[in-house]
Engineer: 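Take a look at this one; I'll ask things after.
Computed from a predicted structure; not experimentally measured. Lettering follows sequence order; numbering is per chain, from 1.
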There are 2 protein chains.
Amino acid sequence: MAIGRPSPSSSQTPDPGAARRPSRARGIPEATVARLPLYLRALTALSERSVPTVSSEELAAAAGVNSAKLRKDFSYLGSYGTRGVGYDVEYLVYQISRELGLTQDWPVVIVGIGNLGHALANYGGFASRGFRVAALLDADPNVVGSTAAGLPVRHMDELEEIVATQHVSIGVITTPPGAAQQVCDRLVEAGVTSILNFAPTVLTVPDGVDVRKVDLSIELQILAFHEQRKAGDEPSAGDSVLDRAPGPVRAAAAKLRRAAGGGKAEQAKTAPAKTAPAAKGGPDDDLSAVMPA
Amino acid sequence: MAIGRPSPSSSQTPDPGAARRPSRARGIPEATVARLPLYLRALTALSERSVPTVSSEELAAAAGVNSAKLRKDFSYLGSYGTRGVGYDVEYLVYQISRELGLTQDWPVVIVGIGNLGHALANYGGFASRGFRVAALLDADPNVVGSTAAGLPVRHMDELEEIVATQHVSIGVITTPPGAAQQVCDRLVEAGVTSILNFAPTVLTVPDGVDVRKVDLSIELQILAFHEQRKAGDEPSAGDSVLDRAPGPVRAAAAKLRRAAGGGKAEQAKTAPAKTAPAAKGGPDDDLSAVMPA
DNA sequence: TAGATTGTTAATCGATTAACAATC
DNA sequence: TAGATTGTTAATCGATTAACAATC
């Protein structure tokens with residue numbers, strides 16, 4: 001039960017782009033890339049406090065990782081530290097910023113200005129690091145024309161022109177799930193090659209387009225999984241004696257359950273009736289009939 | 001870490017293995033747990049279309065993963081498929097739901113009712129799968145008393161009572177970063193053991209408490225990293241000939257740069273002047289002086 | 001039965017970590 | 001110099017994937 005579970009990729013993105021990209025751009029591992037923003041944030045805080053240098057130990061603590069990992073991560077960027085001394089804060093801020101591409105301007109469009117779109121438009125961290133909201137877009141005539149975060153909401157029809165003239169390469173999708181793929185297609189068609197998806201849908205994109213997703217409900221479900229196991233009386237699924245039984249016993253047990261037909265539905269009271277071919281027992285079935293006492 | 005909440009699954013069979021179970025709950029890999037919600041979503045869609053069975057190939061496509069991975073994932077749960085046929089949709093929906101703990105009710109508190117808190121309170125996916133907003137909380141007297149998503153915003157002072165009486169074990173933090181750790185401490189003290197953090201801060205929690213974070217600005221920075229490399233005109237950092245040079249050459253180059261003192265600032269125009277001890281050149285320095293043509 | 005598809009194996013790949021030589 | 005701390009190595013761990021025997 002690791003504390004923090006600073007989820008190497010809280011990103012929760014199975015990185016759809018990674019497969020076809022020259023495996024790892026520049027040889028920097030994805031896991032390392034995902035941590036660079038964390039280091040940068042910690043370094044920025046140190047910088048604001050005018051701290052001149054920091055050791056891997058201190059910086060790692062601030063970023064919530066261990067120091068060996070941090071040093072390994074930095075080793076992919078180059079040798080930016082000084083043995084016996086540590087890292088120069090300002091210098092490292094600059095190097096990581098540059099590595100992440102934050103020394104340039106990234107115009108972004110947000111599509112779907114509902115509650116979440118509003119929240120994102122107002123998000124301070126947006127503008128802070130090179131990202132700039134180029135436009136807010138919505139398909140709903142009732143929303144178009146209103147303002148959010150001081151910007152007018154424009155109609156989807158303007159998408160192509162905005163992307164082209166403002167050189168937008170990053171799009172944020174905050175539409176309802178039903179509209180997400182369609183919006184995604186249109187963004188890609190217009191020239192956007194990186195998409196941050198807040199809609200709970202799997203997006204299909206052509207090669208060369210990166211998608212990352214942020215999914216509240218998935219995060220909550222992962223928490224629930226672990227929470228369920230803290231409570232003490234865990235469901236026994238998959239942890240029954242069956243799991244530790246030798247192969248032949250398991251096979252025999254499965255066969256018996258199949259023959260019996262309805263054992264599972266009995267035990268798991270709210271389970272749907274099993275009518276289809278896959279009606280096999282899971283490992284949490286009552287196996288008292290076939291297991292030695 | 002044990003908290004006083006009703007046993008979530010008291011109807012389950014006793015678990016003889018619980019006592020000696022290793023830390024990783026049930027031996028299901030984290031990566032697999034993180035994908036279960038994805039499978040569940042795809043299965044739910046199939047269920048709504050009354051599709052009775054699905055093959056690993058079809059389901060994998062719908063979830064955006066490859067089928068070998070899906071079958072491996074499912075193998076951790078048990079044998080819920082039928083060779084030659086596939087998986088029973090309804091049955092699998094139930095099994096995964098139960099595995100994730102979604103067959104029980106999860107009351108959740110949201111702390112910090114700004115734009116994002118509002119958005120989350122209104123988020124449909126929240127209620128859909130066992131999660132229920134038990135309370136909205138804020139410290140600002142101007143916000144307290146207003147309503148969001150039909151619920152009254154209550155004062156932080158009520159936190160402890162709400163958590164205790166409603167058996168809340170999951171908290172969502174949508175406060176400004178400066179308040180996040182303090183709010184987190186208070187949630188933990190009150191008995192919350194799972195936290196979903198939207199504030200851009202690293203939270204420190206005691207053992208037994210899980211934290212997951214959702215961080216827009218980190219996601220954007222990761223996209224920017226990859227985007228930068230698509231553009232074609234990559235910065236040369238870390239990709240210079242130096243990286244491919246043999247050790248001795250690198251060492252010599254570093255030494256020379258150190259002696260020269262200001263080489264880097266020249267080349268990287270916006271780099272901060274290097275004044276501190278760690279003022280070494282990075283791999284993108286101009287090395288023409290020491291590298292063979 | 002013949003065809004289809006699962007569940008599992010084993011090879012591979014990538015990420016983490018402790019330890020320590022290099023070196024400031 | 002002596003102490004401190006990096007950068008790197010190597011061991012380990014965990015995740016992915018293709019392939020295929022088992023079996024419906």
Engineer: Quickly work out the B:Y76 OH to D:dT16 C1' distance and round it to whole Å.
Structural biologist: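 These atoms are roughly 10 Å apart.
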Engineer: Between A:R41 and B:S217, is any pair of side-chain heavy atoms under 4.5 Å apart?
Structural biologist: yes
Engineer: Can you identify which nucleotide, out of D:dA15, C:dT16, D:dC24, has its nearest atom closest to the A:A31 side chain?
Structural biologist: C:dT16
Engineer: Relative to the 5' end of DNA chain C, which residue comes earlier, A:G84 or A:K72, by the nucleotide with the nearest heavy atom?
Structural biologist: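 Final value for this comparison: A:K72.
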Engineer: Please report the shortest heavy-atom distance between A:F74 and A:Y39, naming the atom on each side.
Structural biologist: CE1-CD1, 3.4 Å
Engineer: Are B:Q95 and B:L77 packed together at the side-chain level, in the sense that at least one heavy-atom pair is separated by less than 4.5 angstrom?
Structural biologist: no
Engineer: Nearest to the side chain of A:S55 - D:dT5, C:dT6, D:dA15?
Structural biologist: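 The closest nucleotide is D:dT5.
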Engineer: Between P on D:dT16 and CD on B:E30, what's the gap in Å once rounded to a whole number?
Structural biologist: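 So the two atoms are 12 Å apart, to the nearest Å.
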Engineer: Any side-chain heavy atom of A:I222 within less than 4.5 Å of one from A:H226?
Structural biologist: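 Side chain of A:I222 against side chain of A:H226, heavy atoms only: contact under 4.5 Å found.
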Engineer: Reckon A:T82 has a side-chain N or O less than 4.0 Å from the OP1 or OP2 of C:dC24?
Structural biologist: no
Engineer: Round to a whole Å and report the spacing from CG of A:D73 to P of D:dT8.
Structural biologist: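 In whole Å, D:dT8 P and A:D73 CG are 13 Å from each other.
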Engineer: Base, sugar-phosphate, or nothing for A:A68, non-hydrogen atoms under 4.0 angstrom?
Structural biologist: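 Base: the residue A:A68, judged by heavy atoms under 4.0 Å, touches a nucleobase.
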Engineer: Please give, in whole Å, the distance from C:dA18 P to A:E57 CD?
Structural biologist: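 These atoms are roughly 11 Å apart.
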Engineer: Looking only at heavy atoms, which two atoms of B:V205 and B:C184 are closest? And how far apart?
Structural biologist: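 Minimum heavy-atom separation between B:V205 and B:C184: CG1-SG, 3.4 Å.
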Engineer: By nearest atom, which of the nucleotides C:dA15, C:dG7, D:dT8 is closest to the A:S75 side chain?
Structural biologist: D:dT8
Engineer: Using whole Å, report how far CZ of B:R71 lies from P of C:dT8.
Structural biologist: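 Atom CZ in B:R71 sits about 12 Å away from atom P in C:dT8.
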Engineer: With a 4.0 Å cut-off, would you call A:R229 and B:E99 a salt bridge?
Structural biologist: yes
Engineer: Can you tell me which stems DNA chain C forms when a stem means 3 or more consecutive Watson-Crick or G-U pairs under 3.5 Å?
Structural biologist: C:3-24 with D:3-24
Engineer: Does B:L92 offer a backbone N or O that forms a donor-acceptor pair with the side chain of B:D88 under 3.5 Å?
Structural biologist: no
Engineer: Just the rounded figure in Å: distance from C1' of D:dT16 to CD1 of B:I28.
Structural biologist: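 The distance from CD1 of B:I28 to C1' of D:dT16 comes to 18 Å, rounded to the nearest Å.
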Engineer: Side chain of B:Y87: nearest nucleotide among C:dG7, C:dT17, C:dA15?
Structural biologist: C:dG7
Engineer: Of the nucleotides D:dT17, C:dT16, C:dA22, which one has an atom closest to the side chain of A:R83?
Structural biologist: C:dA22
Engineer: Between C1' on D:dT17 and CG on B:N66, what's the gap in Å once rounded to a whole number?
Structural biologist: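 Result: 6 Å.
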